[in-house]
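Letters go in sequence order (proteins before strands), and every chain restarts at 1. The model shown is predicted, which means the values in this text are computed figures rather than measured ones.
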Amino acid sequence: MKKIAIYATILALSGGGLYSVVAAEKTAEPAAAAATTATEAATAAPTEPLVCFESRKGASEITQQDIKPGWPNVKCSPTTGAALWYGDPFEGTVPMGKMPGLENLPEGHALVKPRSEKLAILPMCGTACHNGVGPQFNPPTLPKDKKPTAIPTMEGLVPDLANFQHGRGRIWCLDCHHTTQRNKLVDNFGDPVSFDQPQLLCGKCHGDKLRDWRDGIHGKRIGEFASNGKKRWFTCTECHNPHNVQDGVRNRGFIQLQPEPSPQLPRGMANADHEKVHPIPH
Amino acid sequence: MAISETPSAGPAKETLSACPVQPASADPSNAVVKTTRRDFLKAGGMLSMSSLMGTAALMTQSDDAHAAVEWAEHFQKNYRLMTAEEKAEAKARLERRYSAEYGKQVSVDTTDAQPGVLMGYALNIRKCIGCRRCVHACVAENNQSRGKERAGEKIEWIQVLRMERGKFEQEKMNHGYPEGLGIQVGGNAYTPAGLVLEGQYHYNPEKVPEADATYMPIACMQCEKPPCVKVCPVRTTYREPDGPVVIDYNWCIGCRMCMGACPYWARRLNVTNPVLPKEEMNPVTHYLGNRPRMRGVVEKCHWCLQRTRHGRYPACVEVCPVGARKFGNLLDPESEVSKILQRKNVFRLKAELNTFPKFFYFYD
Ligand code: SF4
Ligand code: SF4
């Protein structure tokens, strides 16, 4: 209290005159403004479960729900439907499994979100059609030219196959998919690899990217930032579409998407066309 | 600690007298308190002595909780000079006020810098697609004002600049200006090559990335030699031991010196009363980080102190769809950022200014 009294004295002695001006400037508008916007936002509350996509559309998704009152697991963008904020970075994750180079991480610190659950027909692939038996497949005889014959059913299931670009004609289905266990991928040695660990497969060719990914330089992780922290690792196929990595002529690894809204314009400015005017004609 | 106890009284005086228009501090939305104070000041008029009497009167009548809170906030010390108890007091006070104001349990963290941590950030400009998810993640996390009606009501800390993609052309090599006098200015000088003007940041195409553009997000670079810290007259903005440059909002007088000094356009002033709907408010806050601000104070990116002090990635890192954003401990040779510094081509923005940012751009 003594301390406050000293400050009060200083204030009173030096700032008495000016301080009355300060007080006069402070009007009562703030409380009212805050109240109206609050009610506005309340009416926009979602009625049905909000599902937002994470990295790219068509890969992993997350359903918005409250973990505790006022604390959602994720906030979705009202404009694009993309995940914008994580309340719980580890929701729906499982341990990554064995990954060479990450052995030093403490148990359970490398997590991935399983993708196989989302690929709904995956369990059937290996039993219904690609069960490894059939007149031509026993023993399996594979075509030499790596040109897959178009099968309408397959193309219907995976539309990207009609315009298959990955490898620019040098690779085909069975370079990545296991010959007989069709709900698995295949690694360097012909052993099956889970769809949840595509990095074991992709690293076969993209070794530099695998190295950068393992060291945290390439790709995305969420959770704790310490180098041995608990993280959810985004795997290759969560960001890249393996059948169409190039995205046609764009030749970029990541598909185009809708951007979030642009910032507010400064006072008195109707549009941002001035930004597009180049001072030097070209 | 550079500032001693005695000179701190000086700035306190200045806080209230130097800048007559901006409220010195505290919560402008508390109409009750304001009325009280305005009334007593009106009554007190120009006479210092009567002001003092009014002051004394308010102090004794502090049964009104809000009045007491506002009062205490006005006269609390600069955060760096507070003792542990004073910090705890300020924390409890703020938690009480915010919880009442936003209708939920709000926590105000005062965790100090952790030993052995120096935060660093790296951004891959080859990867950024300009989707602005980081911008909006930051707003969701950091309780910025998000009104739509009036200019200045919507505050975003990250700006994503769209840069025209330039090229050098063989045919233009020998052209120049002035023509015939030898080449003073090469022909390629008239084509954009990378940076053009200030870039565009209101771009809004249907899809990003566009073919002819690259994107460069900027925000506070958390300089090791921050120009904003040098100019702040009340020393309310300073560098924390683990790296980020922070602001004690209660001591900011809104003079905007720091905004002028920052070469990276990182700082924003709350020109209006912040518009922060209750449901959107993030209740996990840090005193030096994302606690709700008031009108007339400056704010900026602080690397999500409320998260990073507890080991969590900043919000923008977590939502970047292409993984262009990397965050880590510069003192740990195994961290993402250290690995990038070892292995990739790295640059700092406006390095010639010797601000030594801990925010690095890289490409591969
Ligand atoms: S506006 Fe900037 S320079 Fe001025 S008091 Fe606030 S933080 Fe310091
Ligand atoms: S979220 Fe990532 S890709 Fe999108 S603008 Fe920000 S840094 Fe660029």
Closest heavy-atom pair and its distance - B:Pro321, A:Phe254: O-CE1, 3.6 Å
Chain B contact via A:Glu54 - side chain, backbone, both or neither, heavy atoms under 4.5 Å: backbone
Just so I know, are the side chains of A:Asn228 and B:Glu334 near enough to count as touching, which here means a heavy-atom distance under 4.5 Å? no
So CG of A:Asp273 and NE2 of B:His202: to nearest 0.5 Å the spacing works out to 11.0 Å
So, the part of B:Pro314 with a heavy atom under 4.5 Å from chain A: the answer is neither
Separation between CG (A:Asn271) and CG (B:Asn204), nearest 0.5 Å, reads 12.5 Å
A:Arg250 atom CZ: more than 12 heavy-atom contacts under 6.0 Å: yes
Counting heavy-atom pairs closer than 4.5 Å to chain A, which one of B:Lys154, B:Lys326, B:Glu156 comes out on top? B:Lys326
Do B:Gln105 and A:Pro69 have side chains that approach each other closer than 4.5 Å (heavy atoms only, starting at C-beta)? no
Without swapping roles, check the side chain of B:Arg132 against the backbone of A:Pro259 for a donor-acceptor pair under 3.5 Å. no
What are the two closest non-hydrogen atoms of B:Gly147 and A:Gln264, and how far apart are they? O-NE2, 4.3 Å
What closest approach, in Å, do B:Tyr201 and A:Ser262 show between heavy atoms, and which atom pair accounts for it? O-CB, 4.3 Å
Least distance between heavy atoms, B:Gln200 atom then A:Glu275 atom: CB-OE1, 3.2 Å
If you measure from the Lys or Arg side-chain nitrogens to the Asp or Glu carboxylate oxygens, is any gap between A:Arg221 and B:Glu336 under 4.0 Å? yes
Of B:Gly130, B:Ala140, B:Gly103, the largest count of non-hydrogen pairs under 4.5 angstrom with chain A goes to B:Ala140
Using non-hydrogen atoms and a 4.5 Å limit, figure out which bit of A:Arg56 sits close to chain B: side chain, backbone, both or neither. neither
If one checks every heavy atom of B:Asn124 against chain A at 4.5 Å, the contacting part turns out to be neither
Counting only heavy atoms from other residues, nucleotides and ligands, does the tally under 6.0 Å from CD of A:Glu103 exceed 12? yes
Which heavy atom in B:Ala151 sits nearest to a heavy atom in A:Leu265, and how many Å separate them? CB-O, 4.4 Å
Contact origin within A:Pro72 toward chain B - heavy atom pairs under 4.5 Å: neither
Taking side chain as C-beta onward, heavy atoms only, is A:Leu84 less than 4.5 Å from B:Arg133? yes
Most chain A-contacting option - heavy-atom pairs closer than 4.5 Å, from B:Ala211, B:Gly323, B:Pro283, B:Gly311: B:Gly311
With chain A, the option among B:Val317, B:Thr272, B:Val284, B:Val160 that has the most non-hydrogen atom pairs under 4.5 Å is B:Val284
What's the spacing between B:Arg312 CZ and A:Tyr86 OH if we round to 0.5 Å? 10.0 Å
Is it true that a side-chain atom of B:Glu318 and a backbone atom of A:Gly223 form a donor plus acceptor pair closer than 3.5 Å? yes
Most heavy-atom pairs under 4.5 Å with chain B, out of A:Gly219, A:Ala272, A:Pro266, A:Ser77, belong to A:Gly219
Quick one: of B:Val139, B:Val117, B:Thr308, who has the most non-hydrogen atom pairs under 4.5 Å with chain A? B:Thr308
Taking atom CD of A:Glu224 and atom CZ of B:Arg307, what is their separation to the nearest 0.5 Å? 12.0 Å
Just give me the residue among B:Val319, B:Val208, B:Ile340 that pairs up with chain A most often, heavy atom to heavy atom, under 4.5 Å. B:Val208
Sort B:Ser338 into side chain, backbone, both or neither according to what part of it lies under 4.5 angstrom from a heavy atom of chain A. neither
State the CD1-CZ distance between A:Ile217 and B:Arg343, to the nearest 0.5 angstrom. 4.5 Å
Measuring heavy-atom distances to chain B, does A:Pro89 have an atom under 4.5 Å in its side chain, in its backbone, in both, or in neither? both
Counting only heavy atoms closer than 4.5 Å, note whether B:Cys134 contacts chain A via side chain, backbone, both or neither. neither
Under 4.5 Å to a heavy atom of chain B? For A:Lys231 that would be side chain
Which distance, rounded to the nearest 0.5 Å, do you find between the NZ of B:Lys127 and the SG of A:Cys239? 10.5 Å
Geometric class of the A:Phe225/B:Tyr313 ring pair [parallel <30°, tilted 30-60°, perpendicular >60°]: tilted
